[in-house]
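The block underneath contains the structure these notes are about, expressed in structure tokens.
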2 protein chains.
Amino acid sequence: MTDASLPTPHHLPCTIGDLPVARIAEIAAFAGQRVQIRGWLHNRRSKGKLHFLQLRDGSGIIQAVLFKGDFDEATFARADHLQQESSIVVAGTVRADERAPSGFELQADGLLVVAEAHADYPISPKEHGVAFLMDHRHLWLRSRRQAAILRVRARIVKSIRDFFDSHDYVLVDTPIFTPNACEGTSTLFETDYHDQKAYLSQSGQLYSEATAMALGRVYTFGPTFRAEKSKTRRHLTEFWMVEPEAAFLDLDGVIDLAEDLVCTIAQDVLRDRGPELDLIDSIRSEAEEHRQLKLRREALAAIRKPFIRLDYADAVDQLHELGSDIPFGDDLGGDDETILTQQYDRPIFVRRYPAQVKAFYMKRDPADPVRSLSVDMLAPEGYGEVIGGGQREDDHDTLRAAIEHHKLPMAAFDWYLDLRKYGTVPHGGFGLGLERTVAWVCGLPHVRETIAFPRLMDRLRP
Amino acid sequence: MTDASLPTPHHLPCTIGDLPVARIAEIAAFAGQRVQIRGWLHNRRSKGKLHFLQLRDGSGIIQAVLFKGDFDEATFARADHLQQESSIVVAGTVRADERAPSGFELQADGLLVVAEAHADYPISPKEHGVAFLMDHRHLWLRSRRQAAILRVRARIVKSIRDFFDSHDYVLVDTPIFTPNACEGTSTLFETDYHDQKAYLSQSGQLYSEATAMALGRVYTFGPTFRAEKSKTRRHLTEFWMVEPEAAFLDLDGVIDLAEDLVCTIAQDVLRDRGPELDLIDSIRSEAEEHRQLKLRREALAAIRKPFIRLDYADAVDQLHELGSDIPFGDDLGGDDETILTQQYDRPIFVRRYPAQVKAFYMKRDPADPVRSLSVDMLAPEGYGEVIGGGQREDDHDTLRAAIEHHKLPMAAFDWYLDLRKYGTVPHGGFGLGLERTVAWVCGLPHVRETIAFPRLMDRLRP
């Protein structure tokens, strides 16, 4: 297809001679050398015979200093009129500079404009409304704070995966398409699957119980979907969840595993993403300032074993003392979690919830069948539930009766009941919500900034 | 809720005193020690005063030898009648044994039955049909070959993630819910999204182009969905894809990146999953034997740089010589890929396909606008396409004209066109299909065994 309606294709210019290309994150390795850096103009200012260009390449930001005497007149003049977000290549010598955030600046001697940005770049330094920024999310991600959040998120994902891989948990991706609306359709997204109905998974747990019986220790880590009509700072319709599951793991084992994982995440982020945390701290909106959160390095440093362990009954007692009117036997609400977790600087495990507020597959406590062998982990500083889990019902007849009791479609659970027919063992696991974890680690007021393109009840684009 | 209809809950017995629990994968560390191993009875045989129990714990299989003199009569007798897949705990001393696959066996002195399996365990050593096995996928995964495939898959995932993390590509999870049917609805799964239509993502690429402009180098790695009515050995409706995307990456850079990634995968699997590969090789069906594949260690050892690089035009010439009647200008079909890749023991990059067979966003070759700056990587031994990618159109007006030319809804691409308005740069990337890669690495005849619970046109359960 050569189509006359299409302009003639061409290559964009993007190199200055054969100078080595340096990435800003690795600039220290090029100290004293002449290099070229490719990226975008983040900001600029001028002072007499000097132009200062803030150049970002995605890995970091560096200041390029252009002295008039080093450039021809046209190039130097153009540098003073470049639009924000224009793509440029700057050549120059890497110089140590103590005042620079990266410790280096570029003494420029060459400038190539790859493509000038249109003059109407919508995001300016002034404070924009969230709806406006979310409409321009594809550009908003170029801001330093949003980019830093995404880097912290990626580090948390790596931390989680490395933790399970190194503890011999086998990653087993569980299916998104599921044939049955196991717990009612009201919170499920439905699709036509080659003339059957299919639902998007809310959790891989039931499948992970099967793979744990095959591989001993497993985890699944993927997107999950909830069609809940919730507009809160804690809910997305599409969110990522990691769910470990292990044979011969009891409630105490589940709690220890969760504790180790969360400590590892805190330590990894603190060690490897300190500058990003500082940056996030340094650019807060007024509304965020009101929450009076700790600086994030300080908050993460406090995440040490042992976490607080409370039985549900004790948690309710504490809540009553704190002024909550939660009826004994009810699940904790978001407000209860906020009040309770504001009392501590480390996470709280709330154990042994009433069986009636937990799912049908949760094992009941043999010592007190009203309670379940369940646990939620609530993050401090008002963040609330980040983890939910527990021990699973391992007895075939008890599980069958629970399915009947909950009026669930028995045929859908044939395979799940098989796990109790052929070599059942005590087993358990949990689910950790990635976006809530990122929000807490970064000290964000809302989960919507924890993922590149958040999906909320009223937001499906860009 | 204490409900009289539910049986009284109880704990399953699962420990023999306070003996240390050993996992079979780490058994060498316990040589000479007395331990307990928890797992399932994989197989058993008896000979006089000896019972031999094959015990699997998910991390491996070990033989426990029970001598009559070491047990009370009832326990010894019971060991000879245990059903396959019963959950058991065996105590004993770890002894080196050169004949054992793990190098060790357990000289047993204690046996605890956690739960006897029902006598009708459906999967026996005889060869079952695939439909039957897929119906019992939750149990089939306990077989050694299926478990080995899942372990290889998990290693490949880790290899891919480590590769990109260590090359400073930032993981950015792109959304599954997308608002527009950008390339027609026929292959898309649709869902009602709070009274709007949403579609399940077929690729994160367009979003990754946006995040590459923010972070320089990014990758997305998640499930993708195709509603195609294809029943072939290469198609799932739900499959995982990793998609790197980078600013300032041209077609040659894309090819080099893909080559490095695939070499890394082959080396990592070869180094860390050799025993699993051998096991997969050793248990083949007759149909599989017919394909006369190499032993997998040998196949992976051959995956070395440089791979074959062919322009599309040369690939078509070769195909004609090999007897194909593919018309020049058509996309390669599955059969063509099979014929072509059977000629080589390493992957083939086919470059510069006709623009008309590639997507609207593919950059056309400035030197010859009929061709696109595209590349597919075809895996050897008949496996065919595993990677597709190339350089993206970076010019605003050219891209806009292409969208019009393809009669796509312009409004849906507003944000995508913004990437060309504000600092466009040359950029590119590719998508690697995880399941096809696993099938090739393991030498499997069909992608359905590469994922725990495959979703095919006619299979949505268990």
Side-chain angles (χ1 to χ4, degrees), chain A residues 1-2 5-7 9-12 38 40 57-59 85-87 114-115 117-118 121 138 141-142 147 154 157 165 170-172 175-177 179 189 191 194 210-211 214-216 223 238 248 355-356 364 366 369-370 397-398 401 415 421-426 452-453 455 457 460-462, chain B residues 1-2 5-7 9-12 38 40 57-59 85-87 114-115 117-118 121 138 141-142 147 154 157-158 170-172 175-177 179 189 191 194 210-211 214-216 223 238 248 355-356 364 366 369-370 397-398 401 415 421-426 452-453 455 457 460-462:
Chain A
M1 169 193 75
T2 327
S5 71
L6 299 186
H10 67 283
H11 278 303
L12 290 169
R38 302 164 161 185
W40 296 266
D57 72 349
S59 81
E85 288 301 321
S86 291
S87 44
V114 179
H118 287 214
Y121 189 69
H138 55 295
L141 294 173
R142 301 181 182 191
V157 171
D165 290 342
V170 182
L171 172 72
V172 184
I176 306 296
F177 287 129
F189 288 103
T191 190
H194 297 295
T211 59
L215 294 160
E238 177 183 331
F248 297 104
Q356 66 183 0
R364 287 176 301 136
V370 173
D397 294 348
T398 308
W415 69 268
K421 274 175 79 175
Y422 305 111
T424 187
V425 300
F453 294 94
R455 295 297 181 241
M457 212 185 121
L460 181 57
R461 52 190 84 217
Chain B
M1 168 194 75
T2 327
S5 71
L6 299 185
H10 66 285
H11 277 303
L12 290 169
R38 301 162 160 186
W40 295 267
D57 71 350
S59 81
E85 287 302 320
S86 292
S87 45
V114 179
H118 288 215
Y121 189 70
H138 55 296
L141 293 173
R142 300 180 182 192
V157 171
K158 180 171 168 53
V170 182
L171 171 73
V172 184
I176 306 296
F177 287 130
F189 288 103
T191 190
H194 298 295
T211 59
L215 295 159
E238 176 185 332
F248 297 103
Q356 65 182 2
R364 287 176 300 135
V370 173
D397 295 346
T398 308
W415 68 269
K421 275 176 78 175
Y422 305 111
T424 188
V425 300
F453 296 95
R455 296 296 182 243
M457 210 186 123
L460 182 58
R461 51 190 85 217

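Scope of the values below: all heavy atoms of this structure, side chains included, with no hydrogens, waters or symmetry mates. Letters go in sequence order (proteins before strands), and every chain restarts at 1. Predicted model only: the values in this text are computed from it and were never measured.
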task = For each of B:Ala452, B:Pro426, B:Ala147, tally heavy-atom pairs with chain A at distances under 4.5 Å, and name the one with the top tally.
result = B:Pro426

Structural part of A:Val172 lying under 4.5 Å from a heavy atom of chain B = side chain

note = One option among A:Ala210, A:Pro9, A:Ala154 has the most heavy-atom pairs under 4.5 Å with chain B, and it is A:Pro9

inquiry  = Which atoms of B:Val157 are under 4.5 Å from chain A, going by heavy atoms: the side chain, the backbone, both sets, or neither?
reply    = side chain

key: Max heavy-atom pair count under 4.5 Å with chain B, selected residue of A:Leu215, A:Thr191, A:Leu171, A:Val114   = A:Leu215

key: chain B contacts, top residue of A:Leu141, A:Asp165, A:Leu12 (heavy-atom pairs, under 4.5 Å)   = A:Leu12

key: Leading residue by heavy atom contact count with chain B [cutoff under 4.5 Å; candidates A:Ala117, A:Gly423, A:Gly216]   = A:Gly423

request  = Can you tell which part of B:Trp40 gets under 4.5 Å to a heavy atom of chain A, answering side chain, backbone, both or neither?
outcome  = side chain

key: Nearest heavy atoms of B:Val425 and A:Ser87, plus distance in Å   = CG1-CB, 3.3 Å

inquiry  = Using heavy-atom distances under 4.5 Å, tell me whether B:Ser86 contacts chain A through its side chain, its backbone, both, or neither.
reply    = backbone

remark   = Whatever's closer than 4.5 Å to a heavy atom in chain A on B:Pro462 counts as both

key: Under the ring pair (Phe, Tyr, Trp, His ring centres under 6.0 Å) test, residues paired with A:Phe177 that sit two or more places apart   = A:Tyr193, B:Phe189, B:Phe225

Residue selection (most heavy-atom pairs with chain B, distance under 4.5 Å) from A:Ser59, A:Pro175, A:Ala115 = A:Pro175

note = Interface check, chain A: of B:Glu85, B:Glu238, B:Arg461, B:His11, most non-hydrogen pairs under 4.5 Å belong to B:Glu238

key: Those residues that, when tested against B:Tyr422, pass ring pair (Phe, Tyr, Trp, His ring centres under 6.0 Å) (two or more places apart)   = A:Tyr121

request  = With rounding to the nearest 0.5 Å, note down the distance linking OG1 in A:Thr398 to NE2 in B:His10.
outcome  = 7.0 Å

